[in-house]
Amino acid sequence: MEEIIREFPALRVTMERDKLANDEKSIQKILGILEENGISYDCITIHVDQLVFLIREVDAPRLHQCMAELGNGLDQMEISTDRDVVMLCIEGKRLTWRGISMIVNCLTMQNVDVKMQRYFKSRDRFILGIALEEAEKARQVIAEIAAAGFQI
C-alpha cells in the first residue's frame, strides 16, 4: 500500500467552561464564529467541560479575531492555545481500523503523546496531533509499521 504522510504546523485550541458540552447554543456559536472567520478545524473533541480543536498554523492570524469574538460572547470561557503541535495526515487507499489502532498503540508504547486523533473514513484520512518535539519519532514509528508489512 502506498500511503501519503503530510505534516502541517498546527495549533491546539482548548476552550473550557463548566458543563460546556451541555450548552448546545454555545457550541453552535463557537462553531459559527470559527466558520465566519474562515477557520477550519481538522479535529474536534467535546468533553463535559471543554471543546478542543486542531487548526493549521496558516489560520493562526484569523484566530486572534475569532478569540476576541468568542471571549466577548461567552461568559466565563477560558481559552488557551498550544502552538507546539504538528498535525500528521496519513492518507491512503485502504486504511483499516486495525492499522489505525496499531499506529496509536505503537506511538503510545514509544511514549509519543497523541494529543488528538481523527479518522475520516469517507476521505480515507487519519489525522494525528503530535507534540512538535515528538513529530520525528512519530513519523519513524509509522514508517516502521509500514516497513514491517502491516497494512495501515
Side-chain angles (χ1 to χ4, degrees), residues 3-92 95-142 145 152:
E3 70 274 344
I4 300 168
I5 301 174
R6 294 185 299 152
E7 181 177 322
F8 302 96
L11 284 85
R12 183 175 185 253
V13 180
T14 304
M15 302 175 156
E16 294 183 278
R17 191 183 74 202
D18 286 343
K19 300 180 183 175
L20 177 61
N22 294 333
D23 185 354
E24 186 177 324
K25 288 183 181 182
S26 290
I27 298 293
Q28 289 174 343
K29 183 173 186 162
I30 291 167
L31 298 178
I33 289 172
L34 290 172
E35 186 175 329
E36 288 168 13
N37 284 280
I39 297 174
S40 60
Y41 46 86
D42 290 282
C43 283
I44 188 168
T45 60
I46 300 174
H47 302 285
V48 172
D49 295 331
Q50 64 180 207
L51 171 70
V52 183
F53 52 93
L54 191 63
I55 66 167
R56 296 176 191 210
E57 196 172 80
V58 297
D59 290 330
R62 292 189 304 270
L63 186 63
H64 183 70
Q65 172 67 28
C66 184
M67 294 297 187
E69 288 181 45
L70 288 170
N72 292 334
L74 299 169
D75 294 334
Q76 302 172 351
M77 178 79 62
E78 289 186 38
I79 303 172
S80 62
T81 58
D82 179 2
R83 293 185 171 271
D84 294 329
V85 179
V86 170
M87 183 170 43
L88 297 179
C89 296
I90 303 167
E91 298 176 305
L95 288 170
T96 66
W97 287 110
R98 181 174 180 238
I100 289 168
S101 178
M102 183 171 289
I103 290 169
V104 173
N105 289 334
C106 287
L107 290 171
T108 301
M109 290 182 348
Q110 293 293 321
N111 294 319
V112 174
D113 183 23
V114 177
K115 295 183 177 279
M116 295 188 78
Q117 64 182 18
R118 178 147 186 221
Y119 176 53
F120 295 90
K121 186 174 183 175
S122 63
R123 293 184 233 159
D124 204 25
R125 182 180 343 165
F126 182 49
I127 297 175
L128 294 161
I130 304 289
L132 182 61
E133 66 271 4
E134 297 178 324
E136 181 58 36
K137 187 175 184 181
R139 283 191 302 276
Q140 289 174 347
V141 168
I142 295 166
I145 292 169
I152 56 174

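- How far CZ of Arg6 is from CG of Leu88: 11.5 Å, rounded to the nearest 0.5 Å.
- Legend: residues meeting ring-ring contact (aromatic ring centres under 6.0 Å, His included) with Tyr119, ordered by chain and number and at least two apart, are Trp97.
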Apply the test side-chain contact (heavy atoms from CB on, under 4.5 Å) to residues Leu51 and Met15: give CA-CA distance (whole Å), side-chain angles for both, the deciding distance (0.1 Å), then the verdict. CA-CA 5 Å; Leu51 171 70; Met15 302 175 156; 4.1 Å; yes

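- In this structure Glu136 satisfies the side chain to side chain contact (heavy atoms under 4.5 Å, CB included) test together with Arg139, Gln140, sequence neighbours excluded.
- Residue pairs that meet the salt bridge (charged side-chain N to carboxylate O under 4.0 Å, His left out) test with at least one member in residues 57-67, sequence neighbours left out, are Asp59-Arg62.
- Residues satisfying the side chain to side chain donor-acceptor pair (under 3.5 Å) test with Arg83, not counting sequence neighbours, are none.
- Qualifying side chain to side chain donor-acceptor pair (under 3.5 Å) partners for Gln65, counting only residues two or more places apart in sequence or in other chains: Glu69.
- Taking each heavy atom of Ser40 and Ile55 in turn, the nearest pair found is O-CG2, 3.6 Å.
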Mind running side-chain contact (heavy atoms from CB on, under 4.5 Å) on Val52 and Val13 for me, showing each step along the way? CA-CA 6 Å; Val52 183; Val13 180; over 6 Å; no

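- Scanning both residues, Cys43 and Ile127, for their nearest heavy atoms gives SG-CG2, 3.7 Å.
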Could you walk me through whether Asp82 and Thr14 satisfy the side-chain contact (heavy atoms from CB on, under 4.5 Å) test, starting with their C-alpha distance in whole Å, then the side-chain angles of each, then the deciding distance to 0.1 Å, before giving a yes or no? CA-CA 8 Å; Asp82 179 2; Thr14 304; over 6 Å; no

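- The side chain to side chain donor-acceptor pair (under 3.5 Å) check on Arg17 picks up Asp23, Ser26, with sequence neighbours excluded.
- For Ser101, the side chain to side chain donor-acceptor pair (under 3.5 Å) partners at least two apart in sequence or on another chain are Asn105.
- Evaluation of the ring-ring contact (aromatic ring centres under 6.0 Å, His included) test over residues 14-53, restricted to residues two or more places apart or in two chains, returns none.
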If you look only at distance, which donor and acceptor atoms sit under 3.5 Å apart when one is on a side chain in residues 106-113 and the other is two or more places apart or in another chain?
residue, atom, partner, partner atom, Å
Thr108, OG1, Val104, O, 2.9

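- For residues 30-43, the pairs satisfying salt bridge (charged side-chain N to carboxylate O under 4.0 Å, His left out) are Asp42-Arg56, with sequence neighbours left out.
- Atom CD of Gln28 sits in a crowded spot, with more than 12 heavy atoms from other residues, nucleotides or ligands closer than 6.0 Å.
- Across all non-hydrogen atoms, the minimal contact from Cys66 to Ile39 is CB-CD1, 3.9 Å.
- Not counting sequence neighbours, the partners of Arg125 by the salt bridge (charged side-chain N to carboxylate O under 4.0 Å, His left out) test are Glu91.
- The two residues Ile46 and Ala21 make their nearest non-hydrogen contact at CG2-CB, 3.6 Å.
- In this structure Asp84 satisfies the salt bridge (charged side-chain N to carboxylate O under 4.0 Å, His left out) test with no other residue, sequence neighbours excluded.
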